[in-house]
Amino acid sequence: MGASPELLLLTFIFIATATATFGFAGTSNKLHTEEVRALKQIGRQLGKRDWNFEEDPCSGKGNWIVKEAIKGHESNLTCHCSSSSCHVVSIQLKAQNLTGIIPPDFSKLRYLKLLDLSRNCLTGSIPPQWAAMKLEEL
Ligand SMILES: *[C@@H]1O[C@H](CO)[C@@H](O)[C@H](O)[C@H]1NC(C)=O
Ligand SMILES: *[C@@H]1O[C@H](CO)[C@@H](O)[C@H](O)[C@H]1NC(C)=O
C-alpha cells in the first residue's frame with residue numbers, strides 16, 4: 001500500500017492552504033483591469049508620460065507616488081484594496097504641466113473620491129460623464 005490516508009489528507013491541506021495564501025497575496029495588490037485601462041486613457045489625454053504601467057498603479061512603485069520635489073508639485077495616486085482587487089480612491093496631479101481637455105475617463109474610476117488637478121493648463125469644462133462620479137473633493 002502507498003502513503004497513509006492521513007498523510008495524503010495533510011499534504012492536501014498544506015497545498016490548499018499554500019495556494020490560498022500565496023494566490024491571495026499575489027493578486028491582492030492589483031488594480032482592477034478596467035481602471036488600469038481608464039488610467040492609460042487619462043494618461044494619454046493629459047500627456048502624463050511618467051506613469052509606468054509596467055508597475056501596478058496601486059503598488060506605489062514606478063512614479064505612481066512621487067514625493068514632492070518642488071513645493072506644490074505633486075503626483076500621487078492611491079488605492080483602496082479589498083481581498084479581491086484594488087480601486088483608485090485618490091489622484092493628485094498638482095503642477096504637472098498637464099495640457100489638453102479635462103478627461104471624461106476619470107468617471108470610469110468609480111471609487112475615486114479625491115481628485116486634484118490644480119495648477120495645470122487644462123481647458124474645457126467639467127465633462128458631463130462626471131455627473132455619475134462620487135467625488136468628495138475636487
Ligand atoms: C498621497 O495621497 C494620499 C491620499 O490623499 C495621502 O494620504 C499621502 O500622504 C500622499 N502621499 C504623498 C507622498 O504625498
Ligand atoms: C514643467 O515644465 C517646466 C518648464 O518646462 C519644468 O522645469 C518642470 O520640471 C516641469 N514639471 C514637471 C512636473 O514635469
Side-chain angles (χ1 to χ4, degrees):
M1 291 287 274
S4 73
E6 288 84 3
L7 186 62
L8 281 177
L9 183 63
L10 273 181
T11 308
F12 174 76
I13 291 171
F14 175 76
I15 291 171
T17 310
T19 307
T21 309
F22 296 113
F24 171 73
T27 54
S28 65
N29 249 355
K30 290 264 189 265
L31 180 59
H32 198 280
T33 43
E34 259 178 53
E35 296 191 25
V36 174
R37 208 173 306 143
L39 284 180
K40 286 183 178 166
Q41 204 72 36
I42 291 165
R44 255 197 302 278
Q45 288 165 343
L46 290 177
K48 179 79 180 137
R49 292 185 194 82
D50 62 351
W51 273 351
N52 177 3
F53 287 93
E54 308 268 300
E55 301 286 359
D56 185 79
C58 295
S59 66
K61 298 178 194 157
N63 277 350
W64 290 102
I65 299 181
V66 181
K67 291 229 170 69
E68 61 173 339
I70 312 164
K71 193 154 173 52
H73 295 232
E74 194 175 345
S75 179
N76 178 354
L77 179 146
T78 54
C79 300
H80 177 78
C81 296
S82 69
S83 54
S84 53
S85 62
C86 295
H87 299 289
V88 178
V89 292
S90 131
I91 298 180
Q92 295 170 71
L93 300 171
K94 297 185 203 168
Q96 294 295 301
N97 293 343
L98 304 177
T99 56
I101 60 154
I102 299 171
D105 293 82
F106 277 113
S107 67
K108 294 180 181 162
L109 305 171
R110 299 193 301 123
Y111 296 80
L112 191 62
K113 287 188 162 50
L114 189 158
L115 179 60
D116 191 334
L117 299 171
S118 54
R119 288 182 289 124
N120 289 293
C121 299
L122 300 175
T123 56
S125 44
I126 303 286
Q129 290 89 336
W130 283 26
M133 295 177 75
K134 297 186 181 69
L135 282 177
E136 287 169 9
E137 276 184 72
L138 177 63

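Heavy-atom basis, side chains included; hydrogens, waters and symmetry copies ignored.
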Between V66 and V89, is there a shared hydrophobic cluster once you connect ILVMFWY residues whose side-chain heavy atoms come closer than 4.5 Å? no
Separation between CD1 (I101) and CG (L46), nearest 0.5 Å, reads 9.5 Å
Qualifying residues under salt bridge (Lys or Arg N to Asp or Glu O under 4.0 Å), relative to E74, sequence neighbours excluded: K94
Which distance, rounded to the nearest 0.5 Å, do you find between the CG of L122 and the OG1 of T99? 7.5 Å
All pairs passing salt bridge (charged side-chain N to carboxylate O under 4.0 Å, His left out) where residues 125-138 contributes a residue, at least two apart: none
Compare every heavy atom of N63 with every heavy atom of W51, then report the nearest pair and how far apart it is. CD1-O, 4.1 Å
For V88 and W64, what are the C-alpha separation, side-chain angles and deciding distance, and is it a side-chain contact (heavy atoms from CB on, under 4.5 Å)? CA-CA 11 Å; V88 178; W64 290 102; over 6 Å; no
Among all residues two or more places apart in sequence or in another chain, which pass the side-chain hydrogen bond (donor to acceptor under 3.5 Å, both in side chains) test with T78? S90
Among all residues two or more places apart in sequence or in another chain, which pass the side-chain hydrogen bond (donor to acceptor under 3.5 Å, both in side chains) test with D50? K48
In Å, rounded to the nearest 0.5 Å, how long is the span from CD1 of I42 to CD of E35? 9.5 Å
With heavy-atom distances below 4.5 Å as the criterion, would you say the side chains of L135 and L112 are in contact? yes
Does the C79 SG fall under 2.5 Å from that of C58? yes
Sequence neighbours excluded, the answer for ring pair (Phe, Tyr, Trp, His ring centres under 6.0 Å) partners of H87 is H32, Y111
I need the H80 NE2 to S85 OG distance, nearest 0.5 Å. 9.5 Å
Count I, L, V, M, F, W, Y as connected when their side-chain heavy atoms are under 4.5 Å apart, and connections chain through other members. Are L93 and I126 then in the same cluster? yes
For K108, enumerate each residue passing the salt bridge (Lys or Arg N to Asp or Glu O under 4.0 Å) test, keeping only those at least two apart in sequence or located in another chain. D105
Nearest non-hydrogen partners of L114 and Q92, listed with the distance: CD2-CG, 3.6 Å
To the nearest 0.5 angstrom, please state how far the CG atom of L115 sits from the CE atom of M133. 6.0 Å
Residue pairs, two or more places apart or on separate chains, that pass side-chain hydrogen bond (donor to acceptor under 3.5 Å, both in side chains) and touch residues 117-132: D116-S118
